[in-house]
> 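The structure's right below; bear with me while I get my questions together.
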Amino acid sequence: MQFDVAPGPHTAPIASVPLTMRRVLYALAPAAFAHVWFFGSGFAINFVVATATALAAEAAVLRLRRRPTRVPLNDCSAIVTAALLSFAIPPLAPWWIPAFGAASAIVVAKHLYGGLGRNLFNPAMVGYVVLLISFPAELTQWIPPRMGDLDYQHLGFLAHLSYSLTGALPADITIDALTRATPLDLVKEGLRSAQTYSEIRAGSLFGGIAGRGWEWINSFIALGGLYLLYTGTIRWQIPIMLLVGLLFPATLLWLVDADRFATPGFHLFSGATLLGAFFIATDPVSAAESDRGRLIFGAGIGFLTYCIRTWGGYPDGMAFSVLLMNSAVPLIDRYTRPRIYGRN
Amino acid sequence: MLIGTVVLAGLALGLCAVLVLTDRLLPAGRDPVAEQVESLLPRIQCAQCGYPGCRPYAEAIAAGDADINRCPPGGEETVRRLADLLGREVPALDTTLGNASMNRVARIDERNCIGCNRCVPVCPVDAVVGVQQTIHAVIAAHCTGCELCLAHCPVDCIDLVSRDA
Amino acid sequence: MLEYTPDRRPTGGLRLPAHKEASTAQPIARGFVPGTLILALQQHQGPPTTPVVRRGERVLKGQVVARARALRSAAVHASTSGHVRAIEDRLVPSVHAIHRTRCIVIDADGEDETRPGSGAAWPKDPEEQLEHIRDGGIVGLGGGVFPTAEKLRPHTPCKVLIVNGVECEPYISCDDMLMREAAAEIIDGALIMRDLLAAPECIVAVERDKPQAIEALLEAGRASGDASLKLADIPTVYPTGGERQLVEMLTGEEVPSTHYPSEIGYICQNVGTAYALHRLVRAGEPLLSRVVTVAGEGIARPQNVETPIGTPIGELIEFCGGYVGDVDRLILGGSMMGYALPNDEMPITKGSNCLIAAVRREVRQDFSERFCIRCGNCATACPARLLPQELLRAARDNDHALLDEFGLNDCIECGCCDVICPSHIPLTEVFRNAKFAHARYQRQEVFSAETQQRFKRHEERKRANVQRGKARQDHLRHEVETDEAARQKAIEAAIKRARQRRGNDSDAE
Amino acid sequence: MTELMLVIIGAALVNNFVLVQFLGLCPFMGASRRVEGALGMALATGLVLTTASGISYLVDSLLLIPFDLEYLRLLAFILVIGAAVQLTEQLTRKLSPLLHRVLGLYIPLIASNCAVLGVALLNSTANRSLIAALFYGAGAAVGFGLVLALLAGLRERAEFADVPKPFQGHAIAFITAGIMSLAFLGFTGFVRL
């Protein structure tokens, strides 16, 4: 009897790129719902716009380059980029903000290098930093979370949509009345103007650990991260070392002077700490490749984030830190190659 | 104005003195580039680059007199590795120089060899054996396929054949 | 016998679905006699054997049909009685690929008549003992088929004899079943080897997912009462059964890239080899058969079969009830390191441990590849701590310097990186092919270096020749210029030479 | 001490000469093809920057200012830098001929690297002390070397990327450097100089 031959190993592969990406999306879902609950449907609108732009941009580039489009579009990586970007931009944003961000992420950061796997920088973070540098005003329009005692004005889906598309708000509301500084902003400004940390956090936006609402969203993000760890989609090196790199100096300085430095808990549950640790820095393409390299990579992001938050000009530094460490990846890889079995 | 001129001139002279001094005092470093270049060449001594051997070609490259794309047996791979070593752009291989290849060896057709012995001294690796008036033979394991013997055979009895055949 | 758990975690590796339940559900089937035998003259790593039978000759079971000429070789025996039909070239599966080799083809007569007498007795002299093992046809039955006699004569004193019962690859269960059913014989064989090697310690290594085998071995070990015996239970991770991986697991020492484990004092022997050695020494029976796992969903009755060496694969499949369903691929070896066979006409050799008749859903079907996303899972899974993604790039660029740096030749082709790759890149196949190209490159580098030396000597000789000629000329000129008599002599000699030449010319006319 | 640290951090990261002030782009692009070459270039530039800023300072405070010759600063500094570059050239040629070959034209070009002159001039206009001037020069050198090495690493990796034809070569290198520049904006506000 004759048989077809095929090269070994014959065991079927136990992982695939689309499955990995889909798992990341599943893991983000609870946090996304929490986001919508606390900040209104802006997130959903941004996500839809970003996803549509990302997919369209990807298809356009591939078509221009006369490359097959089906496989790259099906791997969900553009949707992951769009989702991460949507978490970074404020819920109240004109439609062109997510669109511009997603387009820069996909076209500049990803496809100028040839697409998934070849990009040097995390596309979502490139998109976000481009937005942050180009449109600082639009990127600071955060609204307070939906909490009973806060002066939260609920905007319905239609109001969000109309703001996104036309910039028009319901007649009785002005944008200035809606927006509030984020807890990270408050802490940064407060500490700079010589307030003590305990004075600042007595404000109504703060909960037990960090910003109200944010505590919940970030808890769900951590939950998603644990799911990714459990399924083996990501490994522990980057998230753990990122948190260590951030929380170690935070704890140290907070112990030294609890008035001038925020608590480690605040850092953990504020801004993009957990999102960065589990979802952004773990993007394998732009991360270091060896386990040892990933320890350094993660710790570097955490440490830089803490430095930028504490001494820098921006309230959060995750995006900058990720890009900075992305640019160090080739050098890290070069100097952290594992020793081959049987070689000295 | 005068002070300025004096000060500048003094400064210039002083710096000159320092430079001359350091130049004298520092021992000259040995330039290992020629050796490194040679180690990247196939070293089969075919001379198709226009130099009488791999070493002279390597020295010419090191001195900047020769381009790095003149080695037919080394092919694109050698050009790439040389460019890498010297930090240059990768030029296209000069294909007009010849087509020597390490994958071929010379073979003497015994029916036609007249035992003239002219191919023996030109072989750079002494791969041709034979004394005058007897039929010569090529030691295939030593032959580099450099083609140098071809031109010296008066009866054209040397062919290049695939090394594996 | 001491049982212990090594306190090291395996480097890299994967936990894979075992697929061993079906073939371990019943005992090893014995007494199978095939209708034809195809006995390859080279079923081991080393020089081939020389046939000592002729066409048409009747051979008996246990009779030598091809003799070994060197210690790094092993004799071949008829595994049942019959008539030699032909001695011809056939395609035979060997360690990594199919080769065309000379084979003795025997038509079995079904009588299974054994050669009279029980063969030569176990000699006293160690050197003769090794020759006896060679003539008994014993080779490493784990798949490497290295001649056992050669391996039992190491150049470095043996520190530890490791008896390998790890059998970590999916589907394969022949060693497991043999350990369950013949633990005492295996222990006895191990002790024979230990005595030959004068090894102070002997560790039997078994994977933890084989509790029955461990139990049986412990009992047999206790019964033997030998204090040098130990049993190590190894975590169930593929490929801890690889020699280098096992040595690291058990001793913490890494075998240097350029060495064999035996060169640093560790000898690994498969449990099947120990069993065969026991049969040879205690019963005088050479290697006539081996246990082969017949598995896969395309087999009617998956089981382990004691198979005479040389049985055509088709006959073995028939013995197990034949194919069922749509068999997609016939694999010799496990599903990781085994290779696909184009037909079932080839024979079982000494190294064939497993036969998988796989249906579509059992084996890899998707050969479309995406670009590497640098997830690094391949590096984590690599037992040799290589960076497969970097190696891939170097291999596809043909960058041989990088291939050396990233350790292409340290790759054991276990397939872990391949199976775990989310982009489905056929890494193992790329590396396998790159090794050929790389070997050619390395040969060429050696050749280039030798050529350089030859050229240097050639140039030196040429220079010396020129110098010698010049020295002689100088000497003559000096004489001629200073001595009148010598001058006259030189002139006369020149005239004479000229005349002679003219004379020759006129002769020619 | 803290102040000196701040000077270094300020010159190296916050006001990075290449990525924030866009000085010295020529060697930045030219010497970042390979990491080895980039490290050598970083070392050479570092040597020039530090010695030149030190000597320039001495020339400034010991010669130019006492004689009221501040208007000759540009000339004098260029002279000093030229000599420092020549010294570096000698050193690389004698200590590492291979590096000398790889860097080739880029070593003399350090002389025209505006970062070097920039450091010397900024030092004298900012009225730093000798130590601070040296630290500022060293900080600028560290920053230059750092981004040079980073970009060289990234470019080595980008060689294996599938860059669209119009963007290959220096184009993608500039885009990469641009994204790095975005990342370095994260350091704004660290040190107010």
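So you know, we letter chains A, B, ... as the sequences are listed, proteins then strands, and number each from 1.
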> Is any side-chain heavy atom of Ile8(D) closer than 4.5 Å to a side-chain heavy atom of Val142(D)?
no
> Is a donor on one side and an acceptor on the other found under 3.5 Å between the side chain of Asp316(A) and the backbone of Leu184(A)?
no
> Less than 4.5 Å apart, side chain to side chain, heavy atoms only: is that true for Tyr128(A) and Leu139(A)?
yes
> What part of Phe121(A) gets closer than 4.5 Å to chain D, counting heavy atoms only: side chain, backbone, both or neither?
side chain
> With a sphere of 6.0 Å drawn around CZ of Phe248(A), does it hold more than 12 non-hydrogen atoms of other residues, nucleotides or ligands?
no
> So does Ala93(A) get a backbone contact from the side chain of Glu138(A), meaning a donor-acceptor N/O pair under 3.5 Å?
no
> Apply side-chain contact (heavy atoms from CB on, under 4.5 Å) to the pair Val116(D) and Phe77(D), showing each step before the final yes or no.
CA-CA 10 Å; Val116(D) 183; Phe77(D) 286 179; over 6 Å; no
> Quick one: what part of Leu39(D) sits under 4.5 Å from any heavy atom of chain A, side chain, backbone, both or neither?
side chain
> Kindly assign one of parallel, tilted or perpendicular to the pair Phe100(A) and Phe135(A), based on the angle between their ring planes and the thresholds 30° and 60°.
perpendicular
> What residue, out of Gly153(D), Pro164(D), Ala161(D), has the most heavy-atom pairs lying under 4.5 Å from chain A?
Pro164(D)
> Would the number of heavy atoms belonging to other residues, nucleotides or ligands and lying under 6.0 Å from CH2 of Trp142(A) be above 12?
yes
> Checking an interface table here. Which of residues 57-72 of chain A come within a heavy-atom distance under 4.5 Å of chain D?
Arg65(A), Arg67(A)
> Indicate yes or no: at least one non-hydrogen side-chain atom of Leu132(A) is less than 4.5 angstrom from one of Phe320(A).
yes
> I need the contact set between residues 322-339 of chain A and chain D: heavy-atom distance under 4.5 Å, sorted by residue number.
Leu323(A), Leu324(A), Asn326(A), Ser327(A), Ala328(A), Val329(A), Pro330(A), Leu331(A), Arg334(A), Tyr335(A)
> Taking heavy atoms only and a threshold strictly under 4.5 Å, list by residue number the residues of residues 285-302 of chain A that touch chain D; give 'none' if the list is empty.
Val285(A)
> For a quick test of reading the model, state the closest non-hydrogen atom pair linking Val187(A) to Tyr197(A) and the distance between them.
CG2-CE1, 4.1 Å
> Considering the options Val18(D), Leu151(D), Leu148(D), which one meets the side-chain contact (heavy atoms from CB on, under 4.5 Å) requirement together with Met29(D)?
Leu151(D)
> Between atom CG of Leu247(A) and atom CZ of Phe303(A), what is the distance when rounded to the nearest 0.5 Å?
13.5 Å
> What parts of residues 169-184 of chain D touch chain A if we use heavy atoms and a cut-off under 4.5 Å?
Ile172(D), Ile175(D), Thr176(D), Ile179(D), Met180(D), Leu182(D), Ala183(D), Phe184(D)
> Verify, without hydrogens or angle tests, whether Thr92(D) (side chain) and Glu89(D) (backbone) share a donor-acceptor contact under 3.5 angstrom.
yes
> Do Ile131(D) and Leu4(D) touch side chain to side chain, with heavy atoms closer than 4.5 Å?
yes
> Checking salt bridge (charged side-chain N to carboxylate O under 4.0 Å, His left out) for the pair Arg34(D)/Glu159(D): CA distance, chi angles, key distance, verdict?
CA-CA 11 Å; Arg34(D) 286 274 170 276; Glu159(D) 269 180 29; 3.1 Å; yes
> Quick check: does any side chain N or O of Asn15(D) sit under 3.5 Å from a backbone N or O of Ala11(D), one acting as donor and the other as acceptor?
no
